[in-house]
Colleague: 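One structure, as structure tokens, below. Some questions next.
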Amino acid sequence: NITACIFDLDGVLVDTAGYHYQAWRVMANDLGFDFTELQNEKLKGVSRIDSLKLILGWGNVTKSEEEMLFLAQKKNDDYLKMIEQMTPENLLPGASDLLKYLKANSYKVALGSASKNAKLILDKTGVLPLFDAIVDGNIVTSSKPDPQVFLKAAELLNEQPENCVVFEDAEAGVEAALRGKMHVIGIGDKEILGDADFVVKSLEEIEYNN
Ligand code: BG6
Ligand code: MG
């Protein structure tokens, strides 16, 4: 009996994955290397600092803690410039309708994201008021595939994990939901998200009455 829905942000509600990729590539290119879209898959759902460490590893680059903080800050400044222009038009197909439907039908709705920019993006795209709880990168201490982000969301909603369904586009996020004993719908590619209960290409494909 599903009573609550927990949404990942990047790649599920908004198409920011491309912006993250672009901003990280600028940094990598400055450091003299590049990385592929397939490698980028591994960054989905992963925190900013852990993403940076993975990318530096791919380029065989070693940096001090201080230099890493600087690089992460610079990447985020570039990323913020990209998301500054976001409006409700930037919500992915089906996102707005599904969120409104859930609200109108008394489902509880939470965000479960690794991003520290989550609230800003929800605000810019006009859907912030549709959320009952927000768990983001400013709160979580263990990244997906650790289930902490989703368990925290369920706790804030006062719901049992088995009554929650998670919407995720990242391999690490699908695993986090399963480890948290929740239902999970993969958004994207079946090849990558095969462990999810089922996979759809976009939220538009989710069927509900009304
Ligand atoms: C996740 C993205 O939602 O948030 C990752 O999938 C990103 O790619 C992570 O690294 C952290 O985002 P931010 O906005 O805090 O840098
Ligand atoms: Mg995502």
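The residues of the chain are indexed from 1 along the displayed sequence. In what follows, every heavy atom counts, from backbone to side chain, and hydrogens, waters and symmetry copies are set aside. Start at 1 and go down the list; that is how both ligands and their atoms are numbered.
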Colleague: Using a strict 4.0 Å threshold on nitrogen-to-oxygen distance, state whether Arg179 and Glu175 make a salt bridge.
Modeller: yes
Colleague: Which atom pairs, donor and acceptor, lie under 3.5 Å between side-chain atoms of residues 90-100 and protein residues at least two apart or in another chain?
Modeller:
from, atom 1, to, atom 2, distance (Å)
Asn90, OD1, Thr87, N, 3.0
Ser96, OG, Lys100, NZ, 3.2

Colleague: Hey, is Asp132 close enough to Lys103 for a salt bridge, meaning N to O under 4.0 Å?
Modeller: yes
Colleague: Whether Lys74 and Asp78 form a salt bridge (side-chain N of Lys/Arg under 4.0 Å from carboxylate O of Asp/Glu) is what I want to check.
Modeller: yes
Colleague: Return yes if a side-chain donor-acceptor contact under 3.5 Å exists between Ser64 and Glu67, otherwise no.
Modeller: yes
Colleague: Dump all N/O pairs between ligand 1 and the protein below 3.5 Å as a table: atom names plus distance, one pair per row.
Modeller:
from, atom 1, to, atom 2, distance (Å)
ligand 1, 3 (O), Asp10, OD2, 2.6
ligand 1, 4 (O), Asp10, OD2, 3.4
ligand 1, 6 (O), Gly45, N, 2.8
ligand 1, 8 (O), Leu43, O, 3.2
ligand 1, 10 (O), Val46, O, 2.8
ligand 1, 10 (O), Ser51, OG, 3.4
ligand 1, 14 (O), Ser115, OG, 2.7
ligand 1, 14 (O), Asn117, ND2, 2.7
ligand 1, 15 (O), Arg48, NH2, 3.1
ligand 1, 15 (O), Lys116, N, 2.6
ligand 1, 16 (O), Arg48, NE, 2.8
ligand 1, 16 (O), Arg48, NH2, 3.4

Colleague: Side chains of Asp136 and Asn117: do they bring a donor and an acceptor to under 3.5 Å?
Modeller: no
Colleague: Below 4.0 angstrom, N of the basic side chain to O of the carboxylate: do Glu171 and Lys42 qualify?
Modeller: yes
Colleague: List-wise, which protein N, O or S atoms are found short of 2.8 Å from the Mg ion (ligand 2)?
Modeller: Asp8 OD2, Asp10 O, Asp169 OD1
Colleague: Give the table of side-chain donor-acceptor pairs shorter than 3.5 Å for residues 12-28, with sequence neighbours excluded, one pair per line with atom names and distance.
Modeller:
from, atom 1, to, atom 2, distance (Å)
Thr16, OG1, Asp10, OD1, 2.3
His20, ND1, Lys75, NZ, 2.8
His20, NE2, Asp10, OD2, 3.4
His20, NE2, Tyr79, OH, 3.2
Tyr21, OH, Phe35, O, 2.9
Tyr21, OH, Glu37, N, 3.2
Arg25, NE, Asp34, OD1, 2.9
Arg25, NH2, Asp34, OD2, 2.8

Colleague: Consider salt bridge (Lys or Arg N to Asp or Glu O under 4.0 Å). Of Asp8, Asp50, Asp169, which one does Lys144 pass it with?
Modeller: Asp8
